[in-house]
Amino acid sequence: MTESEKKVRVRFAPSPTGYMHVGNFRTALYNYLFAKKTSGDFLIRIEDTDQTRFVNGAAEQLLQSMNEMGIIWSEGNYLKSQVKDSESQKLVESKTYPNTVEIGEFGPYAQSERTEIYKKYAQQLVNDGHAYYCFCEPARLNEMRENQQKEKRAPMYDRYCLANLSPDQINQKLKEKCPATIRLKVPKDEIVEFDDMIRGKVSFNTSNIDDQVLLKSDGFPTYHLANVVDDHLMQITHVIRGEDWLPSTPKHILLYRAFGWEIPVFAHLPLLLNPDRSKLSKRQGDVAVEDYLAKGYLKEAILNFVAMLGWNPGEGSVQEIFSMEELIEKFELEKVHKAGAVFDIKKLDWINGQYIKKLSADDLLENALPFFTEKDFFAKASDEKKTDDYLKRVLTVEKERLAKFTDVGEENKFFFQDISYEKEMLHWKTNTSEETIASLNTAQTVLDEIPENDWMLAKIEEKLLAVAGDKRGDLLWPLRMALTGAQKSPSPFECAWVLGKIETLKRIAEAIKKL
Ligand code: GLU
């Protein structure tokens with residue numbers, strides 16, 4: 001079967017750390033989009049062979065975040081809570097992650113459960129002369145490296161064990177259970193070349209590649225061996241991963257060659273950068289998808305933003321807002337950029353704002369409520385300012401300027417608490433107290449005429465504008481100040497509408513009393 005006829009199979013292969021880095025999330029998303037676009041399979045493989053980095057609950061957290069973000073895989077470990085009963089006959093209990101089950105023909109999907117497989121393949125490479133046992137102790141390796149550093153040479157294993165040990169000596173050491181690693185015998189001075197779907201032709205000289213350890217003395221594989229063996233056994237056709245893995249790819253290609261296996265297509269995604277073009281790091285802001293969800297960014301907006309970190313539909317397209325369906329339709333791996341993608345939080349704010357604007361009042365409330373309840377000004381507000389109707393009015397007004405839900409109410413606390421301001425603030429330009437009082441009286445009369453059940457934004461605006469004539473500032477400035485006590489706020493119509501008739505008239509009366 002030729003490459004183009006084969007069913008696409010891609011994988012997301014995280015080493016769980018307890019949170020979903022945005023870079024990893026982008027890798028998962030692009031894999032998912034590519035699989036969807038090509039009607040291929042998308043699986044999750046948990047790369048958990050580095051026991052020193054094991055974090056309890058991290059794998060489950062990762063599955064949870066993927067699920068929450070709507071990136072659904074078709075094979076691998078699933079949270080039990082995720083799986084429907086109708087699928088139960090295909091489920092296999094996970095040995096390592098008790099809250100998960102596995103679905104798929106190519107399991108186990110957690111690498112820590114596949115160690116026997118890796119051992120077998122490492123042994124095969126030794127038998128075929130592509131790999132060799134190394135019994136060097138850490139002390140010798142350290143000394144070797146220090147010497148190489150002093151001589152300004154790249155650290156490389158000096159092949160002591162390959163050059164000096166006879167088969168009998170090796171067998172003897174193995175019998176004595178001497179700690180041993182298995183190293184790949186990297187051919188010297190060969191060019192490894194491959195066509196990366198994003199980066200184009202990439203080539204490496206093997207002389208710069210160390211004899212990689214494939215199997216560690218504790219019996220666990222290194223990333224290189226496990227990754228290649230699994231990509232082969234799981235019939236992965238396209239390896240889509242971050243550019244930081246590019247230096248590993250020639251090593252992987254050497255392994256595929258040594259095994260005599262077909263080499264998958266590679267696509268290395270551009271690095272994510274801070275605005276100063278340094279590599280995206282925690283130091284300059286949040287890097288976990290969970291952090292952005294916690295701050296009140298909508299998952300559709302995060303998804304949209306992350307999809308555009310290194311990709312756009314090209315050909316003069318100015319579209320910036322994409323639903324998942326549109327992304328699936330328009331995404332092309334070939335159009336992913338080579339250059340690093342800047343993580344610009346202002347862009348995320350803008351995209352999130354676009355999604356917020358489109359939410360219905362009910363959805364706004366549902367998203368905003370958890371954030372309101374964390375606010376001090378909300379906790380202290382009276383009960384009538386905590387009703388669903390009241391909050392929906394606040395949100396309807398705020399949504400035009402809201403970048404994220406953590407900001408709810410922050411710019412407009414006057415909707416929730418008593419206000420205080422200097423009476424001079426009530427004057428429009430050089431108006432006198434008498435003129436200001438007259439304006440407030442007019443506003444009061446007009447608003448009082450609107451029945452409570454007709455307290456609509458359009459009505460309030462229409463009535464006030466009708467009496468303001470061409471002297472809008474004279475009427476509207478004192479009114480806005482009386483209602484908000486703030487230099488900046490939504491329009492007085494909106495403020496009156498949110499506050500409701502009773503509170504509006506009360507605040508106007510208080511302002512008049514001040515003057
Ligand atoms: N386990 C690697 C990671 O954490 C996977 C890299 C790859 O996709 O090959 O990103």
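In listed order, ligands and their atoms are each counted from 1.
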Is the NZ or CZ atom of Lys295 both under 6.0 Å from the centre of the six-membered ring of Tyr297 and within 45° of that ring's axis?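 Judged by the rule (NZ or CZ under 6.0 Å from the ring centre, within 45° of its axis), Lys295 is not positioned above Tyr297.
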Taking the six-membered ring of Tyr133, is the NZ or CZ of Arg183 close enough (under 6.0 Å from the centre) and on axis enough (within 45°)?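 Not flagged: Arg183 not positioned over aromatic ring of Tyr133.
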Looking at every non-hydrogen atom in both residues, tell me the closest pair between Pro270 and Ala339 and how far apart they are.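 The pair with the smallest heavy-atom distance is CB-O, 3.2 Å.
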What atoms of ligand 1 come closer than 4.0 angstrom to any heavy atom of [X]?
X: Ser15; answer: 1 (N), 4 (O)
X: Asn227; answer: 7 (C), 9 (O)
X: Glu47; answer: 1 (N), 2 (C), 5 (C)

Identify which one of Leu309, Leu62, Val289 satisfies the side-chain contact (heavy atoms from CB on, under 4.5 Å) criterion when paired with Phe25.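 Among Leu309, Leu62, Val289, the one that satisfies the side-chain contact (heavy atoms from CB on, under 4.5 Å) with Phe25 is Val289.
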Would you check whether Asn24 has a nitrogen or oxygen atom less than 3.5 angstrom from a nitrogen or oxygen atom of ligand 1?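 In this structure, Asn24 places no N or O atom under 3.5 Å from an N or O of ligand 1.
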Quick one: nearest non-hydrogen protein atom to atom 8 (O) of ligand 1, plus distance?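 Answer, as residue, atom name and distance: Arg11 NH1, 2.7 Å.
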What residue and atom, counting heavy atoms only, is the protein's closest point to atom 5 (C) of ligand 1, and at what distance?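 Atom 5 (C) of ligand 1 sits closest to the protein heavy atom Ala13 O, 3.0 Å.
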Looking at ligand 1, is there an atom of it that comes within less than 4.0 Å of some heavy atom belonging to Tyr223?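 Yes; Tyr223 lies near enough to ligand 1 that a heavy-atom distance drops under 4.0 Å.
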Aromatic ring pairing Trp261/Tyr121, orientation class (parallel under 30°, perpendicular over 60°, tilted between):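 Ring orientation of Trp261 relative to Tyr121: perpendicular.
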Any side-chain heavy atom of Phe106 sitting closer than 4.5 Å to one from Gln235?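 Answer yes - side chains close enough.
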For ligand 1, which part of Trp245 has a heavy atom less than 4.0 Å away: the side chain, the backbone, both, or neither?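 Near ligand 1, Trp245 shows its side chain, while the N, CA, C and O stay back.
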